[in-house]
Trainee: 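My questions will all concern the structure given below.
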There are 2 protein chains.
Amino acid sequence: MIRTKQRELIKNAIMESNTHPTADELFQKIRIQLPTISLATVYRNLNMLASDGIIRKIEMPDMPDRFDWRMTVHDHLYCEKCGKVFDFTLSNALDKQIEEVSGMQVKQYNLIAKGICSDCMKKL
Amino acid sequence: MIRTKQRELIKNAIMESNTHPTADELFQKIRIQLPTISLATVYRNLNMLASDGIIRKIEMPDMPDRFDWRMTVHDHLYCEKCGKVFDFTLSNALDKQIEEVSGMQVKQYNLIAKGICSDCMKKL
DNA sequence: AAACAAAATGCAAATAAATCTCAATTTTTC
DNA sequence: GAAAAATTGAGATTTATTTGCATTTTGTTT
């Protein structure tokens, strides 16, 4: 894989993030350092990095995808109040259980919870 | 809620379905009986029915939403071979567990597994 | 059942996210 | 440093869904 300035910046931007940014958020951030970069390049590189197993694409239901540098098994919770995305880890992964109850072969699963984060709960 | 011919047809079409159809699939089907119906009406009514708790909208990651008449707690598996969507039910719902490990208040969750259904496995 | 208000419809245009096309540029290879 | 390979930027395109609005349909009132 060829190394370009833009790929470097994109990778760094995710690695430094802890907000599960969208492609556009990353684009806006990187733009400050490299104003000529295009959104298409951001998308392209994010997809490359994801399919190379460097980062993870979080396919959010009916909202823009987000990207995560954390590659250990975990799932996500979207706070309906503040819009932030948080990580959580179930005591045991669901693959096996899903295979048992469905009789199908599970390659991966996507689990997104919606609710209210602890910060936002305090504010009520 | 006013009763119209189109709402009736839309509701019936889902209730009779067992393929977790998309809005467009329903549109194409209903069109045969009522050629003047518009896709916007289908979307509008599906959303109404869903927010009234009559049907359930399945927000699929990066593909068109699907609709389900089954209102009991269950999740979905998408077969990557045939594209069909299947139901499965975990031995216990995840809300509690997610709340425990995340410390947040869970309103709902969206769990979609991707894999290969038993029919398609036989064909390999 | 005529008249009025409220709700729903169809159509076209708008939106939003993501991908694609392709000429120009950059990076690697030889 | 020339040729080949990969990547980029910019804009057009695609797909799913929503919205605006004039028109029609439905429900309500008398």
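Everything numeric here is computed off the predicted structure, so don't read it as measured data. Labels below follow one simple rule: chain letters A, B, ... track the order of the sequence lines, proteins then strands, and each chain is numbered from 1.
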Trainee: If I take atom CE in residue B:Met60 and atom C1' in nucleotide D:dT17, what distance separates them, rounded to the nearest angstrom?
Mentor: 16 Å
Trainee: Only one of A:Lys57, A:His76, A:Arg56 passes side chain to side chain donor-acceptor pair (under 3.5 Å) with A:Asp68; say which it is.
Mentor: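 Result: among A:Lys57, A:His76, A:Arg56, A:His76 is the only option passing the side chain to side chain donor-acceptor pair (under 3.5 Å) with A:Asp68.
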Trainee: Describe, as an angle rounded to 10 degrees, how the axis at the first end of the helix from C:dA1-D:dT30 to C:dC30-D:dG1 is tilted relative to the axis at the last end, five pairs per end.
Mentor: 30°
Trainee: Does any N or O in the side chain of B:Trp69 come within less than 3.5 Å of the main-chain N or O of B:Glu16, such that one atom is a donor and the other an acceptor?
Mentor: no
Trainee: Take the protein atom CG of B:Leu9 and the nucleotide atom P of C:dA8, then report the distance between them rounded to whole Å.
Mentor: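 Roughly 16 Å, once rounded to whole Å.
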Trainee: Return yes when atom NZ of A:Lys11 has more than 12 non-hydrogen atoms of other residues, nucleotides or ligands closer than 6.0 Å, and no otherwise.
Mentor: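 Open: at most 12 neighbouring heavy atoms sit under 6.0 Å from NZ of A:Lys11.
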Trainee: Can I get a per-line list of side-chain donor-acceptor pairs under 3.5 Å for residues 105-114 of chain B, giving both atom names and the distance, sequence neighbours left out?
Mentor:
unit_1: B:Tyr109; atom_1: OH; unit_2: B:Leu94; atom_2: N; d: 3.2

Trainee: Are any non-hydrogen side-chain atoms of B:Val85 and B:Arg66 less than 4.5 angstrom apart?
Mentor: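 B:Val85 reaches B:Arg66 side chain to side chain.
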Trainee: Establish, from distance only, whether the side-chain atoms of A:Arg44 and A:Thr41 form a donor-acceptor pair under 3.5 Å.
Mentor: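 A:Thr41 and A:Arg44 do have a side-chain donor-acceptor pair below 3.5 Å.
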Trainee: Rounded to the nearest angstrom, tell me the gap between atom CG in A:Leu46 and atom C1' in D:dT8.
Mentor: 15 Å
Trainee: By the 4.0 Å heavy-atom rule, please label B:Met48 as base, sugar-phosphate, or nothing.
Mentor: sugar-phosphate
Trainee: How does each nucleotide of nucleotides 18-30 of chain C score, in 5' to 3' order, for protein heavy atoms under 4.0 Å: base (B), sugar-phosphate only (S), or none (-)?
Mentor: BBBB-----SS--
Trainee: Is any side-chain heavy atom of A:Phe86 closer than 4.5 Å to a side-chain heavy atom of B:Met104?
Mentor: yes
Trainee: Rounded to whole Å, how long is the line connecting atom CD of B:Glu8 with atom C1' of D:dT26?
Mentor: 14 Å
Trainee: Using a 4.5 Å cut-off on heavy atoms from C-beta on, say whether the side chain of A:Met60 contacts that of A:Asp62.
Mentor: no
Trainee: What heavy-atom pair brings A:Pro21 and A:Glu25 nearest, and what distance separates the two atoms?
Mentor: CA-OE1, 3.2 Å
Trainee: In whole angstroms, how far is the C1' atom of C:dA16 from the CD atom of A:Glu59?
Mentor: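 Answer to the nearest Å: 17 Å.
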Trainee: I need the CG-P distance between B:Asn45 and C:dA8, as an integer number of Å.
Mentor: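 In whole Å, C:dA8 P lies 8 Å from B:Asn45 CG.
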Trainee: Between C:dA17 atom C1' and A:Ile58 atom CD1, what is the distance in whole Å?
Mentor: 16 Å
Trainee: Could you state the CD-C1' distance from B:Gln28 to D:dA16, rounded to the nearest angstrom?
Mentor: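 From B:Gln28 CD to D:dA16 C1': 14 Å.
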